[in-house]
Number of protein chains: 2
Amino acid sequence: MINRLDARAKRSQKALMKAGMEKLNENPEATLSDIASHAGVGRATLYRQYETREKLILAIAIDCFDIIDEATASIEGKARNALDAIRMMFEHITPLTREFQFLMNLERVIKNDPQIASINKKHRTQMIDLVEYAKKKGEVDKAYPTSWIVNLIEGLFYAGWVQLQQEGSNPEEVAGLAFKTFCQGVAIQR
Amino acid sequence: MINRLDARAKRSQKALMKAGMEKLNENPEATLSDIASHAGVGRATLYRQYETREKLILAIAIDCFDIIDEATASIEGKARNALDAIRMMFEHITPLTREFQFLMNLERVIKNDPQIASINKKHRTQMIDLVEYAKKKGEVDKAYPTSWIVNLIEGLFYAGWVQLQQEGSNPEEVAGLAFKTFCQGVAIQR
DNA sequence: CCGATATGATACAAGTATGTCTCACTTAAT
DNA sequence: ATTAAGTGAGACATACTTGTATCATATCGG
């Protein structure tokens, strides 16, 4: 088993990614000095691990996507149907507030990177496929454009993120609210 | 009728606010040089009209709120019920993509200002009142927390904004999708 | 244990944004 | 037409961030 990285370098990277996520979530214009000192490493070390500011942001963003992918990996095998898969998406992604916030805030910075573009495209394609499958199975109303449903899910993640920022509500409860709203809305039917 | 501002100053301010909105929407870190030259005025003039970068951003943000307030002013008189008022909110605010984007992107910068805080608080209170009125009238499901409904509306604005960025869909259509989703969700009822 | 490698601290260069100031010139107000 | 005010252009000081380089020290891997 070949370890390409020295244990010290690995520690530095981990600390820098964590500090970067935190500081950049607080303020997307946080300086590399801020991030390095918050990580407890020298600024020079940051530059040794990440050539530029953008490379650091990119590394963190890719880590966020990995975490999301990992959280949703089990869905495909377990979901009983398309709607259940969407329910599980809310359940598994809603708790990842830091990752969601990071990707949302720094989208503008990272979206031009080809690797990020590729990941985004893959995710979007998966969502489109899932929604169209749900439509075909009669679980989702065909009257809505697929693109709207996909964007709606994004919007519900956002609403859930805001909700979690505001109060002492827990992710499970919020995910439930989001999914219920997704299915039946909030008006009284008559 | 007293005009406190010279016509030239008024022109400069108008051009700077417009250019600021555009440039800062493209890139929240746009420089004051960028904004001034895009507005067709000298950088010194920008500083004459707005003491600091933050003052400019603040002025634009307040203008955005004014535009939103203006767009929604007619609702109270016209709406037939609470749900209809919410429908009209989607209808009137969804087209204001530039204002929505600006307030969303620069929230972090402006939220510490007392004037902005006051406006935000007022808007939130109005939304809470509207939702609780809708609940009382049996138009909205009391099982949902009011805070969730308020955040949901914000999330649907966001989804609508994304939808309008992506395709050739028009605001009226998107507002309709958002409101229908708000009421009944997107799943097939059984 | 010892060689290789990462680190911290620091100095340094370069670029850039902010904010102030001045002055000649143009435009508005009455 | 005359006065008052705003403007454009540019110089200037300041501060800050990025990115590079160096060197003594500490830590890792084998």
Side-chain angles (χ1 to χ4, degrees), chain A residues 1-61 63 102 105-106 108-110 112-113, chain B residues 1-61 63 102 105-106 108-110 112-113:
Chain A
M1 174 167 177
I2 302 166
N3 261 342
R4 295 198 65 240
L5 252 65
D6 191 287
R8 291 164 292 180
K10 226 180 259 183
R11 263 203 306 276
S12 295
Q13 286 193 358
K14 203 171 171 183
L16 284 166
M17 302 249 295
K18 184 163 180 283
M21 175 111 86
E22 284 167 12
K23 282 290 163 190
L24 292 168
N25 266 356
E26 278 175 25
N27 169 19
E29 287 128 57
T31 67
L32 298 186
S33 294
D34 284 342
I35 295 170
S37 68
H38 188 246
V41 307
R43 195 169 65 92
T45 296
L46 194 161
Y47 279 103
R48 286 184 191 108
Q49 300 301 338
Y50 304 98
E51 289 173 46
T52 65
R53 173 190 182 76
E54 211 186 309
K55 290 267 175 77
L56 169 64
I57 293 176
L58 227 59
I60 298 173
D63 187 53
F102 188 88
N105 283 340
L106 283 88
R108 194 187 329 275
V109 180
I110 61 180
N112 293 319
D113 177 79
Chain B
M1 172 168 180
I2 302 164
N3 260 342
R4 296 198 65 242
L5 252 66
D6 190 297
R8 292 165 291 179
K10 226 180 261 182
R11 262 204 307 276
S12 294
Q13 286 192 359
K14 203 171 171 183
L16 284 166
M17 303 249 295
K18 184 163 181 281
M21 173 111 87
E22 286 168 9
K23 282 289 163 190
L24 291 168
N25 267 356
E26 280 176 24
N27 170 20
E29 288 128 58
T31 68
L32 298 185
S33 294
D34 284 343
I35 294 170
S37 69
H38 188 246
V41 308
R43 194 168 66 93
T45 296
L46 193 160
Y47 279 104
R48 286 183 192 109
Q49 302 299 337
Y50 305 98
E51 291 173 45
T52 64
R53 174 191 182 75
E54 211 186 310
K55 291 268 176 76
L56 170 63
I57 293 176
L58 226 59
I60 299 172
D63 188 52
F102 188 87
N105 283 341
L106 283 89
R108 195 185 330 274
V109 180
I110 61 180
N112 293 319
D113 178 78

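In what follows, every chain begins at residue 1, and chains take the letters A, B, ... in the order their sequences are listed. No experiment lies behind these values; they were computed from the predicted model shown.
When distances are taken from the side chain of B:Leu32 to each of C:dA4, C:dT18, D:dT7, the shortest belongs to C:dT18.
By the 6.0 Å contact criterion, CD on B:Glu29 is enclosed, its count of non-hydrogen atoms from other residues, nucleotides or ligands being greater than 12.
Residue A:Arg53 places at least one side-chain N or O closer than 4.0 Å to OP1 or OP2 of D:dT18.
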Audit row: B:Met21, B:Met17, side-chain contact (heavy atoms from CB on, under 4.5 Å) steps and yes/no = CA-CA 6 Å; B:Met21 173 111 87; B:Met17 303 249 295; over 6 Å; no
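Between B:Leu5 atom CG and D:dA5 atom C1' the separation is 11 Å, expressed in whole Å. Rounded to an integer number of Å, the gap from CG of A:Leu16 to P of C:dA6 is 14 Å. Distance, A:Leu56 CG to D:dG19 C1': 14 Å, rounded to whole Å. The interatomic distance linking A:Lys55 (NZ) with D:dT18 (P) rounds to 15 Å, in whole Å. Nucleotide D:dC16 holds its C1' atom 15 Å from the CD1 atom of A:Ile35, rounded to whole Å. Atom P of nucleotide C:dT7 and atom CZ of A:Arg8 are separated by 7 Å, given to the nearest angstrom. Taking atom CG on B:Asp6 and atom C1' on D:dT7, their separation rounds to 10 Å, with Å as the unit. Atom CD in B:Glu54 sits about 13 Å away from atom C1' in C:dT18, given to the nearest Å.
The shortest non-hydrogen separation linking A:Asn25 to A:Asn105 is O-ND2, 4.2 Å. Between B:Phe102 and B:Ala61 the shortest heavy-atom distance is CE2-N, 3.7 Å. In plain terms, the two heavy atoms of B:Arg53 and B:Leu24 that are nearest each other are NH2-CD2, 3.9 Å. Counting all heavy atoms, side chain and backbone alike, B:Arg108 lies closest to A:Pro28 at NE-CD, 3.2 Å.
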Please tabulate, for side-chain N and O atoms in residues 32-43 of chain B, each donor-acceptor pair with protein atoms closer than 3.5 Å (sequence neighbours left out).
unit_1  : atom_1 : unit_2  : atom_2 : d
B:Asp34 : OD2    : B:Thr31 : OG1    : 3.4
B:Ser37 : OG     : B:Ser33 : O      : 3.2
B:Ser37 : OG     : B:Asp34 : O      : 3.1

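Where A:Gln13 and B:Arg11 meet DNA chain C, the nucleotide closest to each residue was compared, and A:Gln13 sits on the side nearer the 5' end.
Residues from residues 39-51 of chain A lying near DNA chain C, meaning a heavy-atom separation below 4.0 Å, are A:Gly40, A:Val41, A:Gly42, A:Arg43, A:Ala44, A:Thr45, A:Arg48, A:Gln49 in numerical order.
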